[in-house]
Chemist: 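Pasting a structure below so you can have a look.
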Amino acid sequence: MNGKLWTRDFVTVSVINFLVFLVHLLLMVIIASYAVDKFHASTSMAGLVASVFIIGALIGRFATGRFIEDIGNKKVLMVGSVFFITTAVLYFTAVTLPLLIAVRLLHGMAHGIASTATGTIVAKIIPEGRRGEGIGYYGMSIILASALGPFMGILLIQYVDFKVIFLVSSVLALLVFLISFIVHEPIYKLPDHHETKAVKRFHISNFFEAKAIPISIISLIIGFSASIVIAFISLYSKEIHLEKAASIYFVISAIATLVSRPLAGRLFDLRGENFVVYPCIFIYALGMLLFSQASQGITLLLAGAIIGLGYGNFMSSAQTIAIKAVRPHRFGLATATYYVFLDLGISIGPYLLGSLIPFTGFRGLYLLMAALAFITLPLYYFLHGSKTSSR
């Protein structure tokens, strides 16, 4: 294994990413309730308040991928962190429902800018020979935030006012801004003059990295199928009378990902992406199948561990694949392309798949998503896996 991984910049950027996602997930679990309690919003409008954040994140990622190399990685991170803390404070000024929706959209944009910047920076500071392992460890910041953020939100909403929650998120956003100062600009060889000129002309390649699109399509499908777990687990667990098990489902899933990710990252670097990705997709599909048939708490939690093992390690592997085939000056676009596709799948999944529940029921819907995951295996082969085998 080549190069030092655990540098100060690697740890710092991972902490920043953790805080960015922690704020996002902390607010995500309470914002719909806030819209209903404060503005008497309908269920559909409360859903819009929650989901418009993702639209903002897509806009932020799309713009960041185009301009990050022109402006500079650290400058984009600094701008994103200033924007991030500003939008966190703006929640106090959202005195009407339309203003709250606007703040959520802006906050999503700030999240997209900051998280794309951290993903680009970390890709450049990880030694090339340890990229799978490094992205795996970096991805733990999101897994930890996914476990701690909702827990903090649910805990705080029981004991304190919403304004206190907004204050907590503002303090966390301030930490993002302060920590950003100690990040160093990654150094790498710039492209030649002609390539730089080409980047400045308007072209679709200035907004998407073509080499990252095949694996990003796979990530969209996996994210699309997995989105209904977090969206409907409370309703599903209530229907099958497993609410207590569901309350710790995401903790179990996060632990399974955290424990397995270091090994998965090393195997990615040593044996190649196909050695990791095929088992991850297969394991994820098995987890969804078990989840669809759960009738006891232990079965539901076992499904959570299996899904965490497959889904969590697939996502870190997919992000590594998205950047490994491009030159460093395209890392920003590759990172943005990957996240745009993933966010799109996660955001449209609950809306489109939720309309099927009256016809399929929850078990039927999760069973369909397990089948979709199995179908993704040959699709991955045609889009990426076969090309990797031939190299």
Side-chain angles (χ1 to χ4, degrees), residues 5 10 13-14 16-18 20-21 24 57-58 60-62 64-65 68 73 111-112 114-146 186 208-224 226 257-258 260-269 272-281 284 308-328 330-346 376 380 383-385 388:
L5 176 60
F10 178 80
V13 173
S14 297
I16 291 172
N17 196 58
F18 165 74
V20 167
F21 275 89
H24 158 43
L58 288 170
R61 295 190 193 284
F62 189 77
T64 304
I68 189 168
N73 299 278
H111 173 88
S115 57
T116 302
T118 56
T120 304
I121 292 172
V122 85
K124 291 178 178 176
I125 62 179
I126 294 173
E128 185 175 354
R130 303 185 68 178
R131 200 157 279 158
E133 182 186 7
I135 293 294
Y137 280 119
Y138 168 77
M140 286 185 178
S141 61
I142 301 177
I143 300 299
L144 287 171
S146 299
F208 289 100
E209 173 51 59
K211 293 179 180 178
I213 288 178
I215 191 62
S216 298
I217 291 173
I218 301 298
S219 297
L220 184 153
I221 296 170
I222 296 296
F224 176 82
T257 305
L258 289 171
S260 61
R261 183 159 287 184
L263 176 61
R266 286 180 62 85
L267 289 174
F268 184 102
D269 292 327
E273 54 252 51
N274 286 350
F275 190 83
V276 175
V277 171
Y278 282 120
C280 282
I281 296 176
Y284 165 70
L309 183 65
Y311 177 83
N313 288 301
F314 167 78
M315 286 305 169
S316 63
S317 298
Q319 185 178 355
T320 308
I321 292 170
I323 64 171
K324 70 176 292 188
V326 303
R327 292 178 64 184
R330 301 284 291 184
F331 279 175
L333 277 176
T335 301
T337 300
Y338 166 77
Y339 275 119
V340 163
F341 276 72
L342 176 60
D343 286 349
L344 185 62
I346 292 173
T376 307
Y380 169 80
L383 289 179
H384 182 79
T388 300

Chemist: Taking all atoms of both residues into account, what is the closest heavy-atom pair of Ile323 and Ala334, and its distance?
Modeler: CG2-CB, 4.0 Å
Chemist: Might you point out which heavy atoms bring Phe314 and Ile281 nearest each other, and give the distance in Å?
Modeler: CD1-CG1, 3.9 Å
Chemist: Roughly how far, to the nearest 0.5 Å, is CG of Leu333 from NZ of Lys211?
Modeler: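 Those atoms lie 12.5 Å apart.
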Chemist: Hey, would you say the Phe10 and Tyr138 ring centroids sit under 6.0 Å apart?
Modeler: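 Ring-ring flag for Phe10/Tyr138: false, centres at least 6.0 Å apart.
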Chemist: Which atoms form the tightest heavy-atom contact between Ser317 and Val277, and what is the distance?
Modeler: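 It is CB-CG2, 4.0 Å.
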Chemist: For Val13, is there any backbone N or O sitting under 3.5 Å from a side-chain donor or acceptor partner on Asn17?
Modeler: no
Chemist: Show, in sequence, the C-alpha distance, side-chain angles and deciding distance for Phe268 and Glu273, and conclude whether the side chain to side chain contact (heavy atoms under 4.5 Å, CB included) test is met.
Modeler: CA-CA 5 Å; Phe268 184 102; Glu273 54 252 51; 3.3 Å; yes
Chemist: If you look at every heavy atom in Ile126 and Gly134, which pair is closest and at what distance?
Modeler: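 Minimum heavy-atom contact is CD1-C, 3.5 Å.
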Chemist: Ala322 and Tyr338: which non-hydrogen atoms are nearest, and at how many Å?
Modeler: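 Distance-wise, the nearest heavy atoms are CB-CB, 4.0 Å.
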Chemist: Looking at every heavy atom in both Tyr311 and Ala226, which two are closest together, and how far apart are they?
Modeler: CE1-CB, 3.5 Å
Chemist: So, taking the atom named OG1 in Thr116 and the one named NE2 in His111, what distance separates them when rounded to the nearest 0.5 Å?
Modeler: 8.0 Å
Chemist: Quick one: sort the Tyr380 and Tyr278 rings into parallel, tilted or perpendicular, breaks at 30° and 60°.
Modeler: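 Tyr380 vs Tyr278 ring planes: perpendicular.
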Chemist: What I'd like to find out is whether the side chain of Pro262 reaches to under 4.5 Å of the side chain of Met140, using heavy atoms alone.
Modeler: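 Yes, side chains in contact.
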Chemist: For Tyr284 and Asn313, test the side chains for any donor-to-acceptor distance below 3.5 angstrom and give the result as yes or no.
Modeler: no
Chemist: State the OG1-CD1 distance between Thr257 and Ile143, to the nearest 0.5 angstrom.
Modeler: 4.5 Å
Chemist: So does Glu209 get a backbone contact from the side chain of Thr337, meaning a donor-acceptor N/O pair under 3.5 Å?
Modeler: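 Yes; judged by distance alone, with no hydrogens or angles, the pair exists.
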Chemist: When you check the side-chain N and O atoms of Arg61 and Ser115, is any donor under 3.5 Å from an acceptor?
Modeler: yes
Chemist: Find the distance between CZ (Arg131) and CG (Asp269) and round it off to the nearest 0.5 Å.
Modeler: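 Going from the CZ atom of Arg131 to the CG atom of Asp269 covers 9.5 Å.
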Chemist: Give the C-alpha distance, both sets of side-chain angles, the deciding distance and a yes or no for side chain to side chain contact (heavy atoms under 4.5 Å, CB included) between His384 and Ile218.
Modeler: CA-CA 9 Å; His384 182 79; Ile218 301 298; over 6 Å; no
Chemist: Examine distances only and state if a side-chain atom of Arg261 and a backbone atom of Gly312 form a donor-acceptor pair shorter than 3.5 Å.
Modeler: yes
Chemist: Nearest 0.5 Å, please: how far is NZ in Lys124 from CG in Asn73?
Modeler: 3.5 Å
Chemist: Calculate, to the nearest 0.5 Å, the distance between atoms OG1 and CG belonging to Thr376 and Leu383 respectively.
Modeler: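 So the gap between those two atoms works out to 10.0 Å.
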